[in-house]
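Keep in mind that this is a model prediction, so the values were computed, not measured. Letters A, B, ... mirror the listed sequences (proteins, then strands); counts begin at 1.
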Number of protein chains: 2
Amino acid sequence: MGVIEKLPTRVRKAAPAPAAKNLPLGQIIQGDCIAVMAALPDDSVDMIFADPPYNLQLGGDLYRPEGGRVDAVDDDWDKFDTLAIYDKFTRAWLAEARRILKPNGSIWVIGSYHNIFRVGTAIQDQGFWILNDIVWRKSNPMPNFKGTRFTNAHETLIWASKSEGSRYTFNYRAMKTLNDELQMRSDWLFPVCGGQERLKRGGSKAHPTQKPEALLYRILLAATKPGDVVLDPFFGTGTTGAVAKRLGREWIGIERETDYIEVASERIAAALPLDESALKTMQSPKAAPRVAFGTLVETGYLKAGSEICDAKRRWRAEVRADGSIEFNGETGSIHKIGAAVQKAPSCNGWTFWHHETADGLKPVDTLRQTYLLATEP
Amino acid sequence: MGVIEKLPTRVRKAAPAPAAKNLPLGQIIQGDCIAVMAALPDDSVDMIFADPPYNLQLGGDLYRPEGGRVDAVDDDWDKFDTLAIYDKFTRAWLAEARRILKPNGSIWVIGSYHNIFRVGTAIQDQGFWILNDIVWRKSNPMPNFKGTRFTNAHETLIWASKSEGSRYTFNYRAMKTLNDELQMRSDWLFPVCGGQERLKRGGSKAHPTQKPEALLYRILLAATKPGDVVLDPFFGTGTTGAVAKRLGREWIGIERETDYIEVASERIAAALPLDESALKTMQSPKAAPRVAFGTLVETGYLKAGSEICDAKRRWRAEVRADGSIEFNGETGSIHKIGAAVQKAPSCNGWTFWHHETADGLKPVDTLRQTYLLATEP
DNA sequence: TTGTTGTATGAATCTGTCG
DNA sequence: CCGACAGATTCATACAACA
């Protein structure tokens, strides 16, 4: 196992370039991905990116609080009768994927909690070697409208080499540079695909689950070299192809639906090679720090049950377990209660409320500063 | 399926409190967790938090599901045997965990990419229903010293109810309050356990994978009610017990190693419970007693024959003696008529309809608040 | 031209109770 | 088990409409 930024000569000879001449490079092949992959030669592609169906198992319609209906994924291609059938499908396409992958190649698969555990288990069972699990944190996820669970704000990617001893590609320097000279972590922050980037067809979205180009950009930059062959067995609207073209990688797409193939073809034809300025927006992986008052309670910087007061000790409030505070029977956030006691329309609770320290009263904001200093990634 | 902040009477009856009297509350039971759980009654605990081992090779020995050991030297173990044994172990303890969990209980399991996919698959296969996968982002992870992969900066938690239809506990308001009035997301940021919190024994860390109390604090606050019974089958140094005690939850620990039990016992003995007022959290309106619109009419808070309208005075309706309202000859509840005038599928009449006051238009919901305050016992 | 306000929407396993 | 109905519930972003 190890890192390759420059392939040693003997490996080059073991996987000679001429093999690529038989590959359908830069093409979208229509058909079932298992059957299409079966027709490709062993050990022939450098990387596989796969965004398989998630098997969402949704119930009835879901309505937003303001009345709109959520446009859910209700396509036939996402429906499987049982988990066993889904597993069988997963193992079948993974087996073909592994066969056509070069010995030093790697695979990326994206999923959500509905399917990613099945996929990860299958990947391990088939002899792939997991290198990382990566979390795509969405900066703008859909909320949980009914307040029944935590906002489902991320998806998971699995990165695995063909086998344990593989000398896979990982462009460590490129990733570190992309992350302001800090090692790139396993949690990535990107917005969901929308705006100009989101492909439309007849006024509505061309594909229900189009992935952002920034995500593929980071993946291809991290785990392939220029000229490498990237295969995407669930091509959809061709994000993988478009980004591969921009980054000077070869690509092969497999897709069943004619509509998606049309959209993807146009899109990739229009894709331009790398434009430095356009990349800027994709290169700010760091999240803006935001600390909730409740976090200070959870982490023990301020104890539940302790007392906070204003700078002149006119009002005293008690901190509760969930980060709300109580004053005279009224409860709410530090901001809301701060405003209420002053009969002001609003209040910055961070600077209004103070806590006792050895050096006298200090604004709770100083605790936030301390917390940030201690936890800044 | 749904959220419970207040259990309905019939469910209380189905899972009576007396059962808890037979449980070893506040105790650490020494032994193999599968055997110990096997001695606990069906449907008896409200929540299970589990931090199972992910490296099967501990002290050179390989664990077996039965709790016995295997000589790893004599046998020709490859990774597939290891995975199979791990799966067997996982399914065995999960099966016992599910049996002793109350029908409306839930389970949390934490792991990394080495084991979480096996665990997640087993959880789904055994009939648990996944509610969320949660990412614990570490603010100060161990760097990848060799620069061969992405910094492994997170761990994954799976939260699942006993079955699909379970009415699990989720304290939505408390989580929202804890997060500065924004829905709590599925990605959580905490530092790894260190400093004063990290338990030492003979100068070195007492346990290799001690979890931060802040993590357990959020989990218990989110998914249990005061007095609930929380079981931890891999108790270690007792973070679950210490936080449960602090938050007024009952706990049961299972642990094999005598050293860990000693450390955990001392730690929990020293933990201080929060007093009742600090323990209070923000409650959803769901948990408050219901007030019918008609009650406000009966009690004179709103006069029969008076007029209500929406916030922009587009629609006006008349209040009738039985608490129904009339708009353009159509009559029904405030919700039904509110939905009808907007041509929306549904509507919360409490916030949609307003009444005239000295301070201008106010939602009729404020009358309900006034009524509740006045009639509070 | 510029700022403000309103509306649309994103891989979602999204209610509770009573008859 | 199903239908009816009360009533609880949303964050970030893009873009159009409007001032």
- Distance below 4.0 Å between A:R149 side-chain N/O and C:dT15 OP1 or OP2: no

Atom [atom1] of [X] to atom [atom2] of [N]: distance rounded to whole Å?
X: A:H154; N: C:dA12; atom1: NE2; atom2: P; result: 13 Å
X: A:Y63; N: C:dA12; atom1: OH; atom2: C1'; result: 15 Å
X: A:L62; N: C:dA11; atom1: CG; atom2: P; result: 14 Å
X: A:Y113; N: C:dA12; atom1: OH; atom2: P; result: 10 Å
X: B:W159; N: C:dT13; atom1: CH2; atom2: P; result: 12 Å
X: B:N104; N: C:dT15; atom1: CG; atom2: P; result: 16 Å
X: A:R118; N: C:dT13; atom1: CZ; atom2: P; result: 17 Å

- Task: Can you sort out the partners of A:H207 under ring-ring contact (aromatic ring centres under 6.0 Å, His included), two or more places apart, ordered by chain and number?
- Result: A:W77, A:Y260

- Taking only residues two or more places apart in sequence or in another chain, which ones pass ring-ring contact (aromatic ring centres under 6.0 Å, His included) with A:Y86? A:F80

- Per the 3.5 Å Watson-Crick/G-U criterion and a run length of at least three, the stems involving DNA chain D are C:2-10 with D:11-19, C:15-19 with D:2-6

- Task: Tell me, please, the opening and closing nucleotides of DNA chain D, 5' to 3', among those with an atom under 4.0 angstrom from a non-hydrogen atom of chain A.
- Result: D:dA8 to D:dC15

- Are B:R98 and B:F128 in a cation-pi contact, defined as NZ or CZ under 6.0 Å from the six-membered ring centre and within 45° of the axis? yes

According to side-chain hydrogen bond (donor to acceptor under 3.5 Å, both in side chains), who are the partners of [X], at least two apart in sequence or on a separate chain?
X: A:E155; value: A:Y54, A:K138
X: B:S161; value: none
X: B:R316; value: B:E307
X: A:R201; value: A:E262

- Query: Planes under 30° and centres closer than 5.5 Å, is that true for B:W129 with the base of C:dT13?
  - Reply: yes

Could you go through nucleotides 7-9 of chain C and list every protein N or O atom that sits under 3.5 Å from one of its N or O atoms, giving the distance for each pair?
none

- Query: What is the glycosidic conformation of D:dT9: syn, defined as within 90° of 0, or anti?
  - Reply: anti

- Polar pair under 3.5 Å, donor/acceptor by atom type, side chain A:K138, base C:dA11: no

- Item | Listed once per pair and sorted, the side chain to side chain donor-acceptor pair (under 3.5 Å) pairs that draw on residues 342-353 of chain B, sequence neighbours left out | none

- Message: Once side chain to side chain donor-acceptor pair (under 3.5 Å) is applied, what residue pairs with a partner in residues 118-127 of chain B remain, sequence neighbours excluded?
- Response: A:R118-B:Q124, A:R118-B:D125, A:T121-B:T121, A:Q124-B:R118, A:D125-B:R118, B:D87-B:R118, B:R91-B:D125

Hey, what's the ring geometry for [X] with [Y], parallel, tilted or perpendicular (30° and 60° as the breaks)?
X: B:W315; Y: B:F352; answer: tilted
X: A:W188; Y: A:F190; answer: perpendicular
X: B:Y301; Y: B:Y371; answer: perpendicular

- Within residues 316-334 of chain B: residues closer than 4.0 Å to DNA chain C (heavy atoms): none

- Message: Between A:N144 and A:F150, is the side chain to side chain contact (heavy atoms under 4.5 Å, CB included) condition met? List the steps.
- Response: CA-CA 7 Å; A:N144 182 296; A:F150 297 97; over 6 Å; no

- Task: Give the nucleotide from the list C:dC14, C:dA11, C:dT13 with an atom nearest to the side chain of A:F145.
- Result: C:dC14

- Whichever of B:R290 and A:W136 has its nearest DNA chain C nucleotide further upstream toward 5': A:W136

- Message: Do the side chains of B:K102 and B:D43 get close enough for a salt bridge, i.e. N-O under 4.0 angstrom?
- Response: no

- Message: Can you tell whether the side chains of B:K312 and B:D310 come within less than 4.0 Å, N to carboxylate O?
- Response: no

- Task: Considering only atom C1', compute the distance from D:dG7 to C:dC14 and round it to an integer number of Å.
- Result: 15 Å

- Message: Can you check the distance between C:dT9 and D:dT9, where both ends of the measurement are the P atom (answer in whole Å)?
- Response: 25 Å

